[in-house]
Amino acid sequence: VIEFMLSAHKGQKRKATGLPYAVHPIDVLSFLSLELKVNSITCWKAEVAHDILEDCPTVSFETLKSKIGEDSAAIVQDLTFVPDEKLQVPSRLQKEEYIRSFCSKSVESLVIKIADRICNTNDFFLTNPDYAPKYWKQANFLFEQVDVRKDEIVEKFGHSTHFQLIYCIERMKDLLK
């Protein structure tokens, strides 16, 4: 999966840091597994590939599915946001609706999205500290879902993951004050 991700993101750079894009999925994978205590191969594969459908237009869903499996690919599909240019709705509003959609997406998608948001906010905190709080606040709905969907999170990942989510969210809020 890592080789597939490296190939898909070849030549891409992180906007904020200029580092090779592949650094980001590895950063989020590390956070997901070590900080949040998520011990799921399905989630790990989905996380490593989480931006491929969004950022790599030459990779189809079918190719993704063949590389990481159907369950992981379904999570990636949940995590993918591509504004619909045909809609007469600004992409900012489409993005807000996308964030709100995590109330009904898989709990795996929710936890990965929160891990991604925390890592992205950390990057902004270091490279664009004035933007970091704004970026964080745009996802408040996601963070509320940790309480709303507590039972699902605990059932799927255990109490330690739920506790770590709360702790990491509160820690980030404190950093951004």
Side-chain angles (χ1 to χ4, degrees), residues 1 5 24-25 27-29 31-33 35-57 59-122 124 133-173 176:
V1 175
M5 179 271 296
H24 172 64
D27 182 38
V28 181
L29 175 63
F31 184 82
L32 187 70
S33 60
E35 289 285 329
L36 297 183
K37 313 296 185 207
V38 170
N39 188 19
S40 161
I41 297 293
T42 300
C43 288
W44 292 351
K45 290 191 295 185
E47 190 295 310
V48 167
H50 79 272
D51 282 330
I52 288 178
L53 292 178
E54 199 168 299
D55 294 339
C56 307
V59 178
S60 70
F61 180 73
E62 291 304 316
T63 299
L64 179 72
K65 194 164 60 170
S66 75
K67 298 291 186 180
I68 69 172
E70 190 170 342
D71 293 341
S72 295
I75 294 169
V76 173
Q77 199 165 38
D78 275 352
L79 294 166
T80 300
F81 171 73
V82 178
D84 187 342
E85 308 265 329
K86 297 174 191 162
L87 294 178
Q88 298 298 315
V89 178
S91 63
R92 176 186 56 80
L93 295 177
Q94 290 182 48
K95 184 74 170 210
E96 288 174 11
E97 184 59 33
Y98 161 76
I99 293 293
R100 285 192 295 273
S101 73
F102 281 89
C103 68
S104 60
K105 290 185 178 186
S106 74
V107 71
E108 295 91 341
S109 300
L110 173 66
V111 170
I112 292 169
K113 186 64 183 172
I114 291 171
D116 181 45
R117 197 66 172 207
I118 290 170
C119 291
N120 284 336
T121 304
N122 278 332
F124 284 125
K134 179 181 178 183
Y135 178 79
W136 180 259
K137 287 178 188 171
Q138 292 169 349
N140 277 337
F141 183 85
L142 278 178
F143 311 132
E144 293 168 4
Q145 295 306 300
V146 173
D147 287 331
V148 172
R149 299 183 67 185
K150 174 186 178 182
D151 292 343
E152 292 174 81
I153 293 168
V154 169
E155 182 179 330
K156 185 69 182 179
F157 301 111
H159 287 283
S160 62
T161 295
H162 183 257
F163 174 81
Q164 284 301 114
L165 278 165
I166 292 169
Y167 173 75
C168 291
I169 290 167
E170 291 304 315
R171 185 176 65 191
M172 183 60 73
K173 284 180 187 176
L176 294 171

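Quantities reported herein were computed from a predicted structural model and do not represent experimental measurements.
Atoms CG and OG1, on Leu64 and Thr80 in that order, are 8.0 Å from each other to the nearest 0.5 Å. In this structure, CD in Gln145 is found 12.0 Å from NZ in Lys105, a value given to the nearest 0.5 Å. Between the CG atom of Leu110 and the CG atom of Leu165 there is a distance of 7.5 Å, given to the nearest 0.5 Å.
Residues meeting the side-chain contact (heavy atoms from CB on, under 4.5 Å) test with Asp55, sequence neighbours left out: His9, Gln12, Tyr21, Asp51. Annotation: side-chain contact (heavy atoms from CB on, under 4.5 Å) contacts of Glu155 (sequence neighbours excluded): none. Partners of Trp136 according to the ring-ring contact (aromatic ring centres under 6.0 Å, His included) rule, which considers only residues two or more places apart in sequence or in another chain, are Phe143. The salt bridge (charged side-chain N to carboxylate O under 4.0 Å, His left out) check on Asp116 picks up Lys113, with sequence neighbours excluded. Scanning for salt bridge (charged side-chain N to carboxylate O under 4.0 Å, His left out) contacts around Glu70 gives an empty result, with sequence neighbours left out. With sequence neighbours excluded, no residue forms a salt bridge (charged side-chain N to carboxylate O under 4.0 Å, His left out) with Lys95. Partners of Glu144 under the salt bridge (charged side-chain N to carboxylate O under 4.0 Å, His left out) rule, at least two apart in sequence or in another chain, do not exist in this structure.
Smallest separation of non-hydrogen atoms from Val28 and His50: CG2-CE1, 4.4 Å. Nearest approach of Ile112 to Cys43, heavy atoms of both residues: CD1-O, 3.6 Å. Across all their heavy atoms, Phe157 and Val38 have their closest contact at CE2-CG1, 3.7 Å. The shortest non-hydrogen separation linking Pro133 to Leu176 is N-CD2, 4.0 Å. When all heavy atoms of Leu142 and Ile114 are compared, the pair lying nearest together is O-CD1, 3.7 Å. Considering every non-hydrogen atom in both Ile99 and Gln138, the closest pair reads CG2-O, 4.2 Å.
Using modelled atom types, one side-chain atom of Ser33 and one backbone atom of Leu29 make a donor-acceptor pair closer than 3.5 Å. Judged by distance alone, with hydrogens and angles left aside, the side-chain atoms of Trp44 form no donor-acceptor pair with the main-chain N or O of Leu32 at under 3.5 Å.
Within the structure, every pair that satisfies the side-chain hydrogen bond (donor to acceptor under 3.5 Å, both in side chains) test and touches residues 156-167, not counting sequence neighbours, is listed here: Glu108-Lys156. Screening residues 161-172 for salt bridge (Lys or Arg N to Asp or Glu O under 4.0 Å) gives Glu35-Arg171, Glu170-Lys173 as the qualifying pairs, with residues at least two apart or on separate chains. Within the structure, the ring pair (Phe, Tyr, Trp, His ring centres under 6.0 Å) test picks out the following pairs touching residues 72-96 (sequence neighbours left out): Phe81-Tyr98.
Annotation: side chain of Ile68 is not in contact with side chain of Ile52 (no heavy-atom distance under 4.5 Å). At a threshold of 4.5 Å between non-hydrogen side-chain atoms, the residues His24 and Asn120 count as touching. The side-chain heavy atoms of Val107 and Arg149, taken from C-beta on, include a pair separated by under 4.5 Å.
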Side-chain donor-acceptor pairs under 3.5 Å in residues 83-93, sequence neighbours left out?
from, atom 1, to, atom 2, distance (Å)
Asp84, OD1, Lys86, N, 2.9
Arg92, NH1, Glu96, OE2, 3.2

Which side-chain N or O atoms in residues 71-78 pair as donor and acceptor under 3.5 Å with protein atoms at least two apart or in another chain?
from, atom 1, to, atom 2, distance (Å)
Ser72, OG, Thr42, O, 2.8
Asp78, OD2, Ser109, OG, 2.8

Q: Test side-chain contact (heavy atoms from CB on, under 4.5 Å) on Leu79 and Leu53 and set out the steps.
A: CA-CA 9 Å; Leu79 294 166; Leu53 292 178; over 6 Å; no
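For CZ of Phe61, the number of neighbouring non-hydrogen atoms (other residues, nucleotides, ligands) closer than 6.0 Å is greater than 12.
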